[in-house]
Amino acid sequence: YHKFKPDISLEAIEHHYKTEVRLKERMPDIVIDWYWSRNLTLDSRSDVNQGFSHLVVVKLKDTKHLEQYLPHPEHIKTAMQLKELQGPLIEKIMVLDWIEGENSMENTSM
């Protein structure tokens, strides 16, 4: 989840996601897909969404690929570049990792 600084325009945010992030291009061997979206209830549910205005989802094949993704040289490079790029834009980031379709911790080692 991304919480952008209040003075950042929607155009700047869209430009950021469309031209600067490009995770699948940076790690095609690991990232199956990625997408971003605006929080549709930012204003109407502001009491619970903490102002997180956008969501980014990175789709990986499995936890093995997650283990490869985190230390991957392109991920580290991207993280450093994004920190530099997002620094002026982002107020706060929250990251969650999960297995699609699973609603239990029984099958994970975490």
Side-chain angles (χ1 to χ4, degrees):
Y1 300 96
H2 291 165
K3 181 177 182 179
F4 286 88
K5 294 181 180 177
D7 58 331
I8 303 300
S9 71
L10 286 176
E11 292 80 17
I13 293 169
E14 285 189 20
H15 173 78
H16 168 68
Y17 286 129
K18 289 179 180 179
T19 63
E20 297 170 346
V21 179
R22 303 178 351 262
L23 294 174
K24 189 172 179 178
E25 291 174 36
R26 293 173 184 255
M27 293 168 273
D29 53 327
I30 294 178
V31 175
I32 294 172
D33 202 4
W34 81 279
Y35 57 90
W36 62 275
S37 179
R38 242 179 347 108
N39 178 354
L40 301 177
T41 58
L42 180 63
D43 295 325
S44 64
R45 299 203 58 208
S46 61
D47 58 325
V48 293
N49 63 34
Q50 300 177 38
F52 286 98
S53 61
H54 289 76
L55 166 75
V56 174
V57 175
V58 179
K59 187 172 183 178
L60 309 171
K61 185 175 180 180
D62 51 29
T63 54
K64 178 183 171 192
H65 283 83
L66 176 61
E67 292 168 6
Q68 294 173 0
Y69 172 77
L70 296 173
H72 191 283
E74 278 299 314
H75 179 252
I76 293 169
K77 179 180 172 184
T78 301
M80 297 305 280
Q81 289 173 334
L82 292 181
K83 186 175 183 177
E84 196 173 294
L85 291 168
Q86 291 176 343
L89 303 177
I90 298 283
E91 183 175 318
K92 193 173 187 180
I93 294 176
M94 179 178 11
V95 176
L96 304 172
D97 300 314
W98 78 94
I99 298 172
E100 187 174 1
E102 290 193 18
N103 59 6
S104 164
M105 295 292 288
E106 293 174 15
N107 297 326
T108 66
S109 60
M110 295 179 205

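The basis for the numbers below is simple: all heavy atoms, side chains too, and nothing from hydrogens, waters or symmetry mates. Position 1 is the first residue of the sequence, and the numbers go up from there.
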Visitor: For the atom pair CD (E67) and CG (D62), what is the distance rounded to the nearest 0.5 Å?
Guide: 8.5 Å
Visitor: Looking at every heavy atom in both L60 and V31, which two are closest together, and how far apart are they?
Guide: CD2-CA, 3.9 Å
Visitor: Look at the side-chain heavy atoms of Ile, Leu, Val, Met, Phe, Trp and Tyr, link any pair under 4.5 Å apart, and say whether L42 and I13 land in one connected group.
Guide: no
Visitor: To the nearest 0.5 Å, tell me how far H2 NE2 sits from M94 CE.
Guide: 10.5 Å
Visitor: Quick one: pull up CD in E11 and NZ in K18 and give me the separation to the nearest 0.5 Å.
Guide: 10.0 Å
Visitor: Applying a strict under-4.5 Å side-chain criterion to I, L, V, M, F, W and Y, I'd like to know whether V95 and Y17 cluster together.
Guide: yes
Visitor: Shared ILVMFWY cluster between M27 and I32, side chains joined below 4.5 angstrom?
Guide: no
Visitor: Do the non-hydrogen side-chain atoms of D29 and H72 ever get within less than 4.5 Å of each other?
Guide: yes
Visitor: For atom CZ of F52, is the number of surrounding heavy atoms from other residues, nucleotides or ligands below 6.0 Å larger than 12?
Guide: yes
Visitor: When you measure from the side chain of H75 to the backbone of L70, do you find a donor-acceptor pair of N or O atoms at a distance under 3.5 Å?
Guide: yes
Visitor: Suppose the criterion is side-chain hydrogen bond (donor to acceptor under 3.5 Å, both in side chains): which pairs have a residue in residues 34-46, not counting sequence neighbours?
Guide: N39-T41
Visitor: How many angstroms lie between atom CD of E74 and atom CD of E25, to the nearest 0.5 angstrom?
Guide: 11.0 Å
Visitor: Drop me the distance from L23's CG to K59's NZ, to the nearest 0.5 angstrom.
Guide: 15.0 Å
Visitor: Please name the pair of heavy atoms, one in K3 and one in G51, separated by the smallest distance, quoted to 0.1 Å.
Guide: CG-O, 3.3 Å
Visitor: Say you draw a straight line from CD1 of I93 to CZ of F4; how long is it, rounded to the nearest 0.5 Å?
Guide: 8.0 Å
